[in-house]
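Comments concern the structure below.
Order of appearance sets the numbers: ligands from 1, and atoms from 1 within every ligand.
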Amino acid sequence: MNIAIIGAGLMGHALALVFAIGGHRVRLTDSNPEALARAPGLMEKARATLEAESEAGGLSAEGLRQNVTLHATLAETVADAALVIEAIIEKPEPKRALFAELDALMPAEALLASNTSYLDVFPLMPPARLKRALIMHWYTPPYLVDLVDLVGSPDCPEAVVEELAAELRRMGKVPLVMRRFLPGYIANRLQSALSLECYRLMDEGYATPQEIDEAIIHGLGLRLLLLGQMAKGDFTGLPLSAHALANRMYAPPEPQGRSTTLDAALEQGRTGVMAGRGFYDWGGADPATLMAERDRRLIALKRALRQIGPMAGLAAGTTPDNRQDETKR
Ligand SMILES: NC(=O)C1=CN([C@@H]2O[C@H](COP(=O)(O)OP(=O)(O)OC[C@H]3O[C@@H](n4cnc5c(N)ncnc54)[C@H](O)[C@@H]3O)[C@@H](O)[C@H]2O)C=CC1
Ligand SMILES: O=C(O)[C@@H](O)C(=O)[C@H](O)[C@@H](O)CO
């Protein structure tokens, strides 16, 4: 499939690699020439790390160069594309403006997919595009994290969503199809709730970023990887969960729309790995090298988990799904 990706940042360059590994032809563009120029090095570093662990699907460095090409203009990028992926800044107005530009340039039958983390992008799209518009939300790094949230627009037939889901499964991914848009889908909503509590703990001086990560890595993380949250609840015992709910010992944080801790970091230029520091100081290490080290460890962990297998799979079955039809995913 010919694929166009708009935005070559943290996600865009990695998505280009994912689809190249999947055997597709990718055209990549970015409004920032420096970001676009950075993409080949980031992609090759990630590809080489995957290849070293036999996880690159046979994609060679030359194959990457042939399968992912950089383009300066939208018109060139989306010409003869069957799937156009938007991975630009998470702000409604730039996305709306881009969708309008793309509408005039992309093939009539091309799919339009947004990688948005939380936004209901469908009202931002030209109505005529909605019959072939979806949210296709990936998790970073998308060449290792297999979950992909898939939500068709209200006008997009289920068959179109299922066709894309089938292609993602062929690529070894795990699409989670939602029948209706829900900001944050499932995993991002859970992550968002966790983030809100993290910011509250830091803003109110209860914990440092390092203490939060220690609590997750040495506490929650191990069981989540094997059991998820609900099967873990079965081992905790549901009565205790009921007591904890009834006791209501504290209220979850009210979303404030900002965090003093996060604002301070941003004011000091601590924007994350790409800047060499965020909540942690990465010692000026090259971002691609840090990502390669993250990927090497994630691959080893993923391989071990494949061998161990999730425990939820050992269950005889799940409880009956008593949701009403209209509320089902
Ligand atoms: N960073 C992450 O871990 C994840 C991000 N996402 C979502 O993916 C999208 C992109 O996020 P990131 O890759 O993190 O952002 P980013 O800031 O790293 O990259 C966005 C890129 O889009 C480019 N851009 C902005 N406006 C443009 C336009 N009109 N035309 C062409 N290029 C344009 C920017 O120059 C930038 O390089 C957002 O919607 C975000 O919510 C989804 C999953 C994970
Ligand atoms: O964690 C991820 O990769 C995705 O869930 C994302 O969409 C972004 O990180 C987002 O959650 C940041 O708020």
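Ring pair Y139/H137 is perpendicular by interplanar angle, where above 60° counts as perpendicular and below 30° as parallel. Between Y199 and F279, the ring-plane angle classifies as tilted under the 30° and 60° cut-offs.
Every protein residue with a heavy atom nearer than 4.0 Å to ligand 2 is included here: S117, Y118, H137, Y139, T140, N188, Q191. For a heavy-atom separation below 4.0 Å, the residues in contact with ligand 1 are I6, G7, G9, L10, M11, D30, S31, N32, A35, A87, I88, E90, K95, N115, T116, S117, H137, W138, T140.
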Solution key, residues 4-20 side-chain donor-acceptor pairs under 3.5 Å, sequence neighbours excluded:
residue: H13; atom: ND1; partner: G9; partner atom: O; Å: 2.8
residue: H13; atom: ND1; partner: L10; partner atom: O; Å: 3.3

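Side-chain contact of E214 with Q210: a donor-acceptor pair under 3.5 Å is absent, judged by distance alone.
For N2 (side chain) and A82 (main-chain N/O), no donor-acceptor pair under 3.5 Å exists by modelled atom type. Not a single donor-acceptor pair under 3.5 Å links the side chain of R277 to the backbone N or O of A265. Of the possible donor and acceptor atoms, none in the side chain of R132 sits under 3.5 Å from a partner among the backbone N and O of A108.
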I'd like to know whether E86 forms a salt bridge (charged side-chain N to carboxylate O under 4.0 Å, His left out) with K95, so could you lay out the CA-CA distance, the side-chain angles of the two residues, the decisive distance to 0.1 Å, and finally the verdict. CA-CA 8 Å; E86 172 272 310; K95 289 188 189 291; 2.4 Å; yes
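Each salt bridge (Lys or Arg N to Asp or Glu O under 4.0 Å) pair with one or both residues in residues 234-262, not counting sequence neighbours, appears once here: R258-D263.
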